[in-house]
J.: 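I'd like to ask you about the structure that follows.
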Amino acid sequence: IKQCKIHSCYKHWVVFTDLHVSPSTLETCLEVLDYVYECAKSRNAGILFLGDFWHHRGTVRVDCLNAVLNKLQTWDLPMLMIP
């Protein structure tokens with residue numbers, strides 16, 4: 001699998017967890033995502049997220065989802081995410 005080959009090239013990973021994106025935390029969460037990406041980029045590392053991305057279980061607001069997806073689609077590093 002092509003994705004596995006890309007991930008196996010990285011020896012270092014920036015790990016983060018418990019982002020808890022919600023309408024009230026969206027701007028801060030987007031800033032955190034920028035910081036995580038810049039940390040990983042500067043270290044030539046992949047990104048590993050360990051869970052609790054969304055604050056509310058069962059529903060995700062479309063505006064929050066779109067903002068996060070717009071941010072993540074600019075990333076050019078390997079990323080693994082555990083829901």
Side-chain angles (χ1 to χ4, degrees):
I1 298 175
K2 183 180 177 182
Q3 291 87 351
C4 292
K5 289 180 184 177
I6 293 170
H7 286 73
S8 68
C9 294
Y10 284 80
K11 297 189 185 305
H12 302 284
W13 294 82
V14 171
V15 179
F16 73 114
T17 189
D18 293 291
L19 198 58
H20 289 279
V21 178
S22 72
S24 63
T25 64
L26 181 60
E27 291 305 315
T28 301
C29 290
L30 294 175
E31 290 175 15
V32 169
L33 290 173
D34 284 337
Y35 180 75
V36 167
Y37 175 78
E38 290 304 322
C39 286
K41 190 77 167 177
S42 70
R43 293 167 172 79
N44 193 32
I47 298 168
L48 176 60
F49 180 75
L50 298 180
D52 281 340
F53 201 88
W54 305 104
H55 187 61
H56 299 286
R57 294 186 187 270
T59 60
V60 176
R61 285 189 34 163
V62 173
D63 56 337
C64 293
L65 178 62
N66 286 338
V68 168
L69 290 177
N70 287 336
K71 180 69 65 183
L72 295 180
Q73 77 179 2
T74 66
W75 290 11
D76 57 358
L77 299 170
M79 175 176 45
L80 297 171
M81 298 181 80
I82 299 170

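This one's a predicted model, so the numbers in the text were calculated from it and none came from an experiment.
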J.: From Met81 CE over to Ile47 CD1, what is the distance, rounded to the nearest 0.5 angstrom?
T.: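 Rounded to the nearest 0.5 Å, the CE-CD1 separation comes out at 9.5 Å.
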J.: For Cys39 and Ser42, work out which heavy atoms get closest and say how close.
T.: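 Minimum heavy-atom separation between Cys39 and Ser42: O-OG, 3.0 Å.
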J.: Taking only residues two or more places apart in sequence, or in another chain, which ones meet Arg61 in a salt bridge (charged side-chain N to carboxylate O under 4.0 Å, His left out)?
T.: Asp63
J.: Following the transitive rule for hydrophobic clusters with a side-chain heavy-atom cut-off under 4.5 Å over Ile, Leu, Val, Met, Phe, Trp and Tyr, establish whether Leu26 and Tyr35 coincide in one cluster.
T.: no
J.: Atom CG in Asp52, atom CZ in Arg57: separation rounded to 0.5 Å?
T.: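 Taking CG in Asp52 and CZ in Arg57, the distance rounds to 5.5 Å.
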J.: Are the side chains of Leu80 and Trp13 in contact, using a 4.5 Å heavy-atom criterion?
T.: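 Yes - at least one pair of side-chain heavy atoms lies under 4.5 Å apart.
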J.: Does any part of the side chain of Lys41, heavy atoms only, come nearer than 4.5 Å to the side chain of Leu77, both counted from C-beta?
T.: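 Touching, per the 4.5 Å side-chain cut-off.
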J.: Roughly how far apart are Leu65 CG and Asn70 CG, rounded to 0.5 Å?
T.: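 That separation rounds to 9.0 Å.
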J.: Would you name the heavy atoms of Trp75 and Val36 that are closest together and state the gap between them?
T.: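 Nearest pair, atom of Trp75 first, then Val36: CH2-CG1, 4.5 Å.
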J.: Can you measure from CG (Leu50) to CG (Leu19) and round to the nearest 0.5 angstrom?
T.: 12.0 Å
J.: Nearest 0.5 angstrom please: Leu72 CG to Phe53 CZ, how far?
T.: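 Taking CG in Leu72 and CZ in Phe53, the distance rounds to 5.5 Å.
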J.: Would you say Ser22 and Cys64 make side-chain contact, with heavy atoms under 4.5 Å?
T.: no
J.: How long is the span from the CG atom in Leu33 to the OG1 atom in Thr28, to the nearest 0.5 Å?
T.: 11.0 Å
J.: Given the rule that I, L, V, M, F, W and Y join up when any side-chain heavy atoms are under 4.5 Å apart, are Trp54 and Val62 in one cluster?
T.: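 No, because Trp54 and Val62 fall into different hydrophobic clusters, even though each may have its own neighbours under 4.5 Å.
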